[in-house]
Q: 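Handing you this structure, nothing more for now.
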There are 2 protein chains.
Amino acid sequence: MKIGEIAARTGVSIRSLRYYDQLGLLTPIRRENGYREYSPLAEEQVKTIQLYLNLGLSTEQIAGFLNCVLKNKEAFCQEVLPIYRQKLSEIEAQIHLLQNIKLNLEERIRSILDERQTSEAEE
Amino acid sequence: MKIGEIAARTGVSIRSLRYYDQLGLLTPIRRENGYREYSPLAEEQVKTIQLYLNLGLSTEQIAGFLNCVLKNKEAFCQEVLPIYRQKLSEIEAQIHLLQNIKLNLEERIRSILDERQTSEAEE
DNA sequence: ATAAACCCTGACATTAATGTCAGGGTCAAG
DNA sequence: CTTGACCCTGACATTAATGTCAGGGTTTAT
């Protein structure tokens, strides 16, 4: 499919898709006329790229990841493993923090509701 | 403590600390001479900010979190209830997203380790 | 009181990812 | 054949976080 279609499907801008191409992150084949031709598989890859970008990984790191998966080469995987582990522990810490914040908020909401209840009872 | 000391303690550059101050993310008091004076609590806050940044959150989002949790300790409770509820659902969504990412990462790590195991067994 | 080691602000530079615009092909429909 | 909807490349703009440098105060130790 052409670049416009995959952009529409994935919600990623045409500009970004060309950028990924330029970086070698996601390289479509070219038609006779020079148009980029994306395979259906590319759709999934674009979404993967977006997921990891949202995670805060750089395109460079993502390129390492894609190499690992596509070629299943251990050398690439070795490089990428510590990055994953690092991210994983960051994410675990993040989840933990957010859960604390959540408890805190729930507590506060409950106490507001309690207070409201109390003042209603007084009337 | 002065900015240089907290920079050394946290590993965050002086430049960044001044930037956080400028954005209202972490605002130290000022001495007579204009120097920034950080409380010991600030050290923990700086680390929290860094964690969020490493996760790919923007300073704006971080400011939202910090405001949600640190500010509005007790006053204005009634008015603040819908804000709390809003924040709570945002946080729940965030936790959910992170848990998905976590599962995804764990999966990746596992498959890399499997691969390694397999190729060792082949030899 | 002078030097070293800090601190301040302000301005410009940089990197990454993306937006946007210009100038110009391609193609299908009328 | 022309029009409109695509596509191409290239260049400049932008945003976020940070680096760096200039010009100028302050503090501390000798």
Side-chain angles (χ1 to χ4, degrees), chain A residues 1-40 42-43 45-67 79-80 83 86-87 90 94, chain B residues 1-40 42-43 45-67 94 97 101:
Chain A
M1 61 191 135
K2 285 186 291 182
I3 197 171
E5 189 179 344
I6 196 168
R9 275 178 197 274
T10 59
V12 171
S13 73
I14 290 179
R15 176 65 174 84
S16 294
L17 291 170
R18 294 206 259 246
Y19 181 59
Y20 301 158
D21 185 6
Q22 181 186 327
L23 297 188
L25 245 175
L26 178 59
T27 309
I29 59 177
R30 295 300 186 117
R31 296 185 184 178
E32 286 288 324
N33 57 15
Y35 285 17
R36 289 173 181 81
E37 177 66 28
Y38 289 87
S39 85
E43 195 175 327
Q45 287 203 333
V46 171
K47 285 178 182 167
T48 302
I49 291 170
Q50 280 298 299
L51 174 70
Y52 286 93
L53 280 178
N54 285 336
L55 224 178
L57 294 178
S58 69
T59 49
E60 206 172 345
Q61 291 172 314
I62 296 170
F65 158 76
L66 293 181
N67 279 335
E79 279 173 29
V80 114
I83 297 173
Q86 155 95 20
K87 274 294 162 191
E90 283 175 13
Q94 166 81 349
Chain B
M1 61 190 136
K2 285 187 292 184
I3 197 170
E5 188 179 345
I6 196 168
R9 275 178 197 273
T10 59
V12 171
S13 74
I14 290 179
R15 176 66 174 84
S16 294
L17 291 170
R18 294 207 260 245
Y19 181 58
Y20 301 159
D21 184 5
Q22 180 185 327
L23 296 188
L25 245 173
L26 178 57
T27 310
I29 60 177
R30 295 300 185 117
R31 295 184 184 179
E32 286 288 324
N33 56 14
Y35 286 17
R36 289 173 180 81
E37 177 65 28
Y38 288 88
S39 86
E43 195 175 327
Q45 288 201 335
V46 171
K47 286 178 182 167
T48 302
I49 291 170
Q50 280 296 301
L51 177 67
Y52 285 144
L53 284 177
N54 284 336
L55 277 166
L57 297 182
S58 71
T59 49
E60 206 172 345
Q61 291 173 310
I62 296 170
F65 280 149
L66 294 184
N67 280 336
Q94 182 87 8
L97 179 67
I101 292 171

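Values below: every heavy atom of this structure, side chains too, minus hydrogens, waters and symmetry copies. Order of the sequence lines sets the chain letters (A, B, ...), proteins ahead of strands, with each chain counted from 1.
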Q: To the nearest Å, give me how far apart CD1 (B:Ile3) and C1' (C:dC8) are.
A: 10 Å
Q: Which part of the nucleic acid, if any, lies within contact of A:Arg36, taking any heavy atom under 4.0 Å across all strands shown: a base, the sugar-phosphate backbone alone, or nothing?
A: sugar-phosphate
Q: Would you say a side-chain N or O of B:Thr59 is under 4.0 Å from OP1 or OP2 of D:dA17?
A: yes
Q: Using whole Å, report how far CG of B:Leu25 lies from C1' of D:dA16.
A: 12 Å
Q: Within less than 4.0 Å of OP1 or OP2 of D:dT18, is there a side-chain N or O belonging to B:Tyr20?
A: yes
Q: Using only heavy-atom distances, decide whether a donor-acceptor pair under 3.5 angstrom links the side-chain of A:Tyr35 to the base of C:dG25.
A: yes
Q: Rounded to the nearest Å, what distance is computed from the OH atom of residue B:Tyr38 to the P atom of nucleotide C:dC8?
A: 7 Å
Q: Between A:Glu43 (side chain) and A:Pro40 (backbone), is there a donor-acceptor pair under 3.5 Å?
A: no
Q: Which residue, B:Arg31 or A:Lys2, contacts DNA chain D at a nucleotide closer to its 5' end, judged by nearest heavy atom?
A: A:Lys2
Q: Categorize A:Arg30 for me: base, sugar-phosphate, or nothing, with a 4.0 angstrom heavy-atom threshold over every strand shown.
A: sugar-phosphate
Q: Within the 4.5 Å heavy-atom criterion, are B:Leu53 and B:Tyr20 side-chain neighbours or not?
A: yes
Q: Does a side-chain heavy-atom distance below 4.5 Å link A:Ile14 with A:Arg36?
A: no
Q: In Å, rounded to the nearest 0.5 Å, how long is the span from CD of A:Gln45 to OG1 of A:Thr10?
A: 12.0 Å
Q: Mind calculating the distance between CG (A:Leu23) and C1' (C:dA17) to the nearest angstrom?
A: 9 Å
Q: Please check the phosphate of D:dA17 (OP1 and OP2 only) for any side-chain N or O of B:Arg15 closer than 4.0 Å.
A: no
Q: Starting from C1' on D:dG19, measure out to CD on B:Gln22 and report it in whole angstrom.
A: 14 Å
Q: In whole Å, what is the span from the CD1 atom of A:Ile14 to the P atom of C:dC21?
A: 14 Å
Q: Once you round it to whole Å, what is the distance between C1' of D:dC6 and CD1 of A:Ile6?
A: 16 Å
Q: Between D:dA17 and B:Ser16, is there an OP1 or OP2 to side-chain N/O distance shorter than 4.0 Å?
A: no
Q: I need the CD-P distance between A:Glu32 and D:dC7, as an integer number of Å.
A: 18 Å
Q: Does a side-chain N or O from B:Asn33 land closer than 4.0 Å to OP1 or OP2 of D:dT27, or not?
A: yes
Q: What is the distance from atom OH of A:Tyr35 to atom CD1 of A:Ile29, rounded to the nearest 0.5 Å?
A: 15.5 Å
Q: For B:Tyr19 and A:Glu5, find the nucleotide of DNA chain D closest to each by heavy atoms; which residue's nucleotide sits nearer the 5' end?
A: A:Glu5
